[in-house]
Amino acid sequence: MKPRICWTRAWPLMPLALLAACGGAPTENMAEDPANAAVAPGPMLGGVDLSTPLQIRPTEGRDWALDLAPGRIQFQQEGAKQMPFYPVSPRLAQGVATYPTQTPDGIPVTITLRPGPCAEGAPLGAEVRIGATTLKGCAHPMTVEQVHREMYNEALAVPYDSGNNSSAD
């Protein structure tokens, strides 16, 4: 005679069985486990990891801002729409990091970061050249909370297009 399975009793245990099936055997030495390996820092300049997000703000006034992160360079001038620059990796030479990029319209942009104290305790000085315009500022590392807040604010800034509602037919 076959044993009968009572599904009403077995059902609550199903998620635990599935979780047990997904996990592998733990590594004996936790330090050797690739999942626990520390993330290697990116290129460094003046003690700042350039693979982490940076905020560049003017040394005087607050009429422009630039967010610099891997895969994203976003420029904002007061009273104007945000403008993305083509994302590039920094070039390190002679103790300076440069980001040679351009606007979507093809205007050349060079972002230069130099180590050393700047206004408000920033660890890097910055110069942003957009065409013939030169802006001076300071670069501050962004915290995870600031990055999340920026992403949240960007998501809120996208207007809802009622004509693009895929659920309405």
Side-chain angles (χ1 to χ4, degrees), residues 27 30-168:
T27 307
M30 295 292 282
E32 292 175 5
D33 190 345
N36 296 326
V39 176
M44 301 292 285
L45 181 68
V48 176
D49 183 353
L50 298 180
S51 68
T52 61
L54 298 171
Q55 289 181 329
I56 300 176
R57 300 296 182 254
T59 50
E60 295 179 11
R62 294 284 178 216
D63 55 344
W64 63 272
L66 188 134
D67 290 341
L68 183 62
R72 175 190 158 150
I73 303 174
Q74 194 80 17
F75 180 73
Q76 174 76 52
Q77 210 158 15
E78 190 174 310
K81 188 175 146 185
Q82 284 189 345
M83 180 186 341
F85 296 154
Y86 288 100
V88 293
S89 297
R91 295 182 183 170
L92 292 169
Q94 301 171 346
V96 174
T98 57
Y99 297 78
T101 184
Q102 63 182 0
T103 69
D105 296 331
I107 298 169
V109 174
T110 303
I111 302 162
T112 305
L113 302 177
R114 289 182 173 77
C118 197
E120 300 175 10
L124 302 173
E127 180 180 277
V128 181
R129 289 179 164 248
I130 306 168
T133 305
T134 301
L135 305 169
K136 301 270 187 190
C138 299
H140 303 265
M142 291 177 74
T143 65
V144 171
E145 292 81 18
Q146 289 170 314
V147 172
H148 287 160
R149 185 173 41 248
E150 292 284 328
M151 292 171 69
Y152 177 76
N153 288 339
E154 275 183 31
L156 288 179
V158 175
Y160 173 74
D161 182 8
S162 61
N164 192 15
N165 186 353
S166 60
S167 64

Compare every heavy atom of [Y] with every heavy atom of [X], then report the nearest pair and how far apart it is.
X      : Y      : result
Gly95  : Pro115 : O-CD, 3.1 Å
Leu45  : Ala97  : CD2-CB, 3.7 Å
Gly125 : Cys118 : CA-SG, 4.1 Å
Trp64  : Pro58  : O-CD, 3.0 Å
Pro70  : Pro53  : CD-N, 4.5 Å
Arg72  : Pro87  : N-CB, 3.6 Å

Rounded distance (nearest 0.5 Å) linking atom [atom1] of [X] with atom [atom2] of [Y]:
X      : Y      : atom1 : atom2 : answer
Gln82  : Gln77  : CD    : CD    : 12.5 Å
Thr52  : Met44  : OG1   : CE    : 8.0 Å
Gln55  : Met142 : CD    : CE    : 4.5 Å
Tyr86  : Thr103 : OH    : OG1   : 7.5 Å
Lys136 : Thr59  : NZ    : OG1   : 8.5 Å

Quick one: does any side-chain atom of Thr110 pair with a main-chain N or O of Arg129 as donor and acceptor, under 3.5 Å?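 Looks like no, no N/O pair under 3.5 Å.
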4.5 Å side-chain heavy-atom contact, [X] and [Y]:
X      : Y      : answer
Phe85  : Ile130 : yes
Leu124 : Cys138 : no
Leu113 : Leu54  : yes
Ile56  : Leu135 : no

Residue from Thr98, Leu66, Val88 passing side chain to side chain contact (heavy atoms under 4.5 Å, CB included) with Ile111: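 Going through Thr98, Leu66, Val88 one by one, the side chain to side chain contact (heavy atoms under 4.5 Å, CB included) with Ile111 is satisfied by Leu66 alone.
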Out of Leu68, Val109, Val128, which one pairs with Ile73 under the side chain to side chain contact (heavy atoms under 4.5 Å, CB included) rule?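 Only match with Ile73 under side chain to side chain contact (heavy atoms under 4.5 Å, CB included): Leu68.
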Test salt bridge (Lys or Arg N to Asp or Glu O under 4.0 Å) applied to Asp63 and Arg57, step by step: CA-CA 9 Å; Asp63 55 344; Arg57 300 296 182 254; over 6 Å; no
